[in-house]
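Residue numbers start from 1 in every chain, and the chains themselves are labelled A, B, ... in the order their sequence lines are given, proteins ahead of strands.
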Amino acid sequence: MAEVPEVETIVRDLREVLVGREILAAEVLLAAALRFPEPGEFSARIAGRVVLGAERRAKHILMPLSGDLTLAIHFMLWGTLLLVPAGHRHPPETLIVFQLDGEQELLFLDKLGYARAALGTQDEIVERLDLDLLGPDALDPSFDADLLARQLGKRRGALKPVLLNQRVLAGLGNRDADESMWLAGIDPHRTPASLDRDQIERLHDAICQVLEEGLALRGTQADLFGRPGRAKHRRNVFERTGQPCPRCGTPIAHLRLGGRNTHYCPQCQT
DNA sequence: CGCTACCTGGGT
DNA sequence: ACCCAGGTAGCG
């Protein structure tokens, strides 16, 4: 559920409504939802901080706070953030409740419980989450076909797992990787080294198109305010196993590649 | 690289 | 009753 269009949608919402707001208190309902520090220290250190911004690094959300602290959040598979009026009962999947000024609460939710938050100085966050090992971001304006060629050049094995590796390119999740390779007409088994210049360019264009369209439709899930995204049904191959390829009518194939569900057209992706 | 663990809700 | 999940870390 949480790929880059979904994460970026939430980040933009956070930037719009949370900057300048104070976190009055935080209540950790699931201790495992914290990478660090321990719940007591987390709550003690975050209380009274003002949110200075919100940005995305790969699928991490980073919120710099007053007092040289940064709150980092990762949704993993099913996590999200929801802004609600204070004083209501929290849904059972609530991991952390942030009480904000203005009688509002920011809920960190995850029905699966894999999502994680961390709090530390900016250096600590970068160091402990290995943020400087991340590859270039696919939504950054500087991402072009040359950069994609350079990043892919270092890697061996099948294209799909390489595209999912955030240290190669930050920005693709399982759905968007499958959709990008379909749009580019490239078989997910191909090795990066076997792609010619034209295919690299098509892949670059496809990645940009998939991410930008998903973002323009505000993703597939609820935004910070609980409003649903409109990208839910824009799928050509992902989870369409056996249904006709929109381009050539061949049934979409499904297999596992790099341990992940993979969907593609065996006819027109070569 | 491939595999496993994480661990709950919703789909089949 | 089962099986699976759009992500990542950690292991061999």
- [ ] Assess the side chains of D140(A) and S142(A): does a donor N or O sit below 3.5 Å from an acceptor N or O?
- [x] yes
- [ ] May I ask you to say what R256(A) touches in the nucleic acid, namely base, sugar-phosphate or nothing, with a heavy-atom cut-off under 4.0 Å?
- [x] sugar-phosphate
- [ ] For dG6(C), give its Watson-Crick or G-U wobble partner with both distances under 3.5 Å, or none.
- [x] none
TODO: Quickly work out the L217(A) CG to dG6(C) P distance and round it to whole Å.
DONE: 21 Å
Task: Separation of atom CH2 in W78(A) from atom C1' in dG7(C), rounded to whole Å - done: 11 Å
TODO: State which of dG6(C), dT8(C), dC1(B) makes the closest approach to the side chain of R175(A).
DONE: dG6(C)
Task: Separation between the P atoms of dC7(B) and dA1(C), rounded to whole Å - done: 23 Å
Task: Minimum-distance nucleotide to K111(A) side chain [options: dG9(B), dC7(B), dG6(C)] - done: dG9(B)
Task: Euclidean distance, atom CZ of residue R35(A) to atom C1' of dA5(B) [Å, nearest integer] - done: 15 Å
TODO: Can you tell me the distance, in whole Å, between the CG atom of L129(A) and the C1' atom of dT8(C)?
DONE: 11 Å
Open item on the list: Classify G173(A) by what it touches in the nucleic acid, base, sugar-phosphate, or nothing, heavy-atom distance under 4.0 Å.
Closed with: sugar-phosphate
Open item on the list: Show, in sequence, the C-alpha distance, side-chain angles and deciding distance for R167(A) and D130(A), and conclude whether the salt bridge (charged side-chain N to carboxylate O under 4.0 Å, His left out) test is met.
Closed with: CA-CA 10 Å; R167(A) 296 180 181 193; D130(A) 282 336; 3.7 Å; yes
Open item on the list: Does R197(A) have more than 12 heavy atoms from other residues, nucleotides or ligands lying within 6.0 Å of its CZ?
Closed with: yes
- [ ] Can you tell me, in whole Å, how much space there is between the C1' of dG6(C) and that of dC1(B)?
- [x] 22 Å
Task: Euclidean distance, atom CE of residue M76(A) to atom P of dG7(C) [Å, nearest integer] - done: 9 Å
Open item on the list: If you compare every side-chain N and O of R260(A) against the phosphate oxygens of dG6(C) (OP1, OP2), does one of them come in below 4.0 Å?
Closed with: yes
- [ ] Both distances under 3.5 Å, Watson-Crick or G-U wobble: report the partner of dC7(B), or none.
- [x] none
Open item on the list: Using a heavy-atom cut-off of 4.0 Å across all strands, would you classify Q166(A) as base, sugar-phosphate, or nothing?
Closed with: sugar-phosphate
Open item on the list: Just the rounded figure in Å: distance from P of dC4(C) to CZ of F238(A).
Closed with: 15 Å
Open item on the list: Taking the P atom in each of dT8(C) and dG9(B), what is the distance between them to the nearest angstrom?
Closed with: 22 Å
Open item on the list: Assess whether a salt bridge exists between R150(A) and D146(A), defined as any Lys/Arg side-chain N lying under 4.0 Å from an Asp/Glu carboxylate O.
Closed with: no
- [ ] Using a cut-off of strictly less than 4.0 Å, decide whether H74(A) has a side-chain nitrogen or oxygen near OP1 or OP2 of dT8(C).
- [x] yes
Open item on the list: Nearest to the Y114(A) side chain among dC6(B), dT8(C), dC1(B), which nucleotide is it?
Closed with: dC6(B)
- [ ] Test the R235(A)-W182(A) pair against the cation-pi criterion, namely NZ or CZ under 6.0 angstrom from the six-membered ring centroid and within 45° of the ring axis.
- [x] no
Open item on the list: If you assign each of R167(A) and L112(A) to its closest nucleotide in DNA chain C, which residue comes earlier from the 5' end?
Closed with: L112(A)
Open item on the list: From the set dG7(C), dC7(B), dA9(C), return the single nucleotide nearest to any side-chain atom of N174(A).
Closed with: dG7(C)
Open item on the list: Is it the case that the side chains of T220(A) and E6(A) hold a donor-acceptor pair, with the cut-off being a distance below 3.5 Å and no angle test?
Closed with: yes
Task: Given DNA chain C, 5'-ward residue of the pair H60(A) and H263(A), judged by closest heavy atom - done: H263(A)
Task: Gap between atoms CG and C1', on L133(A) and dG10(C) respectively (whole Å) - done: 15 Å
Open item on the list: So if I take every side-chain heavy atom of L77(A) and compare against dG6(C), dT8(C), dC1(B), which nucleotide ends up nearest?
Closed with: dG6(C)
Task: Nearest-Å distance for atom pair CG/P, residues L95(A) and dG9(B) - done: 12 Å
